[in-house]
There are 2 protein chains.
Amino acid sequence: MPTPTPGRPVRGSSTGRPLMAALDLFGRRWSLRIVWELQRGPLGFRALQQRCDNMSSSVLRQRLTDLATALVVEQHPDTTYALTPLGHDAYRALRPLVRWSDDWAAALADEKPTSQHG
Amino acid sequence: MPTPTPGRPVRGSSTGRPLMAALDLFGRRWSLRIVWELQRGPLGFRALQQRCDNMSSSVLRQRLTDLATALVVEQHPDTTYALTPLGHDAYRALRPLVRWSDDWAAALADEKPTSQHG
DNA sequence: TCTAAGTGCTTCGAAAAAAGAATCAGATCC
DNA sequence: GGATCTGATTCTTTTTTCGAAGCACTTAGA
């Protein structure tokens with residue numbers, strides 16, 4: 001399970017296009033979430049795990065390795081994990097998704113109202 | 001494997017926050033890619049499959065169901081699949097990722113040059 | 001009508017990834 | 001010493017994905 005890297009073929013794409021590598025990296029479970037949770041500041045392994053709804057520690061370890069290899073996350077001397085500058089950029093790139101998810105929630109609530117009276 | 005829906009607990013989050021549902025939806029393999037490929041116009045099932053590096057048809061079907069339930073994708077009367085308005089918004093929200101992936105590629109190339117001469 | 005090729009879609013066994021709990025070693029505190 | 005944190009590993013089970021094969025249907029041609 002190699003870490004996706006631009007310039008080389010990745011899961012689901014043989015072109016090596018950076019975007020495809022990014023889609024592979026962030027298409028892995030918990031990747032987006034970890035970036036999201038680290039954005040507010042460095043966290044220790046267990047604290048991060050708790051922030052991520054007590055995700056499996058084995059997977060967390062794997063994702064941290066992936067993201068560190070991808071230079072998105074780094075481990076500080078005090079062993080906490082934090083976003084690199086590149087990681088913060090990734091967060092900013094992902095930020096419009098928050099806005100979208102709110103619109104999405106509104107649209108879904110409109111489409112199928114959750115058993116409200118009217 | 002229920003489709004993530006804002007307002008209800010999803011894989012990896014019990015809060016029902018829209019963002020967490022979105023992270024679950026797009027954290028599934030191929031979800032991001034499908035939105036990406038459909039952005040240029042409607043595609044039939046097999047054409048879409050080919051665009052997605054011949055991804056497994058069983059997973060494509062599952063993802064299309066997920067995305068359709070989430071009102072991100074819809075099937076036209078001629079059986080082609082297309083983004084809904086909400087889907088196009090999602091694409092726009094994801095677009096900064098392209099920019100980032102280029103920066104990312106540049107940073108990685110800088111960090112570990114791929115065995116170039118000098 | 002038979003055949004061939006193209007759809008959208010389904011099924012199923014195998015492989016890969018994730019879940020989840022137990023555990024280890026080191027540090028800290030009492 | 002004993003309890004309790006920590007980061008990290010290992011192992012087994014469950015879930016997800018893969019990937020090939022096949023089905024039902026449509027179109028086109030002989």
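Chain A is the first sequence line, chain B the second, and so forth, proteins listed ahead of strands; every chain is numbered from 1.
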(message) Applying a 4.0 Å non-hydrogen cut-off, can you work out what Gln49(A) is touching in the nucleic acid: base, sugar-phosphate, or nothing?
(response)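 No contact.
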
(request) Name the nucleic acid region contacted by Arg46(A), choosing base, sugar-phosphate or nothing; use a 4.0 angstrom heavy-atom cut-off, strictly under. (result)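 Result for Arg46(A) = base.
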
OP1, OP2 of [N] versus side-chain N and O of [X]: anything below 4.0 Å?
X: Tyr81(B); N: dC9(C); result: yes
X: Trp30(A); N: dA17(C); result: no
X: Arg63(B); N: dT17(D); result: yes
X: Arg29(B); N: dA17(C); result: no
X: Arg11(A); N: dC18(D); result: no

(request) Would you state whether a donor and an acceptor, one from the side chain of Ser58(B) and one from the base of dG19(D), lie under 3.5 Å apart? (result)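 When only heavy-atom distances are counted, Ser58(B) does reach the base of dG19(D) through a donor-acceptor pair under 3.5 Å.
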
(request) Name the residue closer to the 5' end of DNA chain D, choosing between Met55(B) and Gln50(A) according to the nucleotide with the nearest heavy atom. (result)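 Final value for this comparison: Gln50(A).
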
(message) Checking contacts here: which listed nucleotide (dC9(C), dT17(D), dT10(C)) is nearest the side-chain heavy atoms of Gln75(B)?
(response)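 Shortest atom-to-atom distance from the side chain points to dC9(C).
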
(request) Taking only the side-chain heavy atoms of Ser57(B) (C-beta and beyond), determine which of dA20(D), dA22(C), dG8(C) contains the nearest atom. (result)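 Nearest nucleotide to the side chain: dA20(D).
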
(request) Just grab all the salt bridge (charged side-chain N to carboxylate O under 4.0 Å, His left out) pairs involving residues 95-104 of chain B, residues at least two apart or on different chains. (result)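 Salt bridge (charged side-chain N to carboxylate O under 4.0 Å, His left out) check on residues 95-104 of chain B returns no pairs.
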
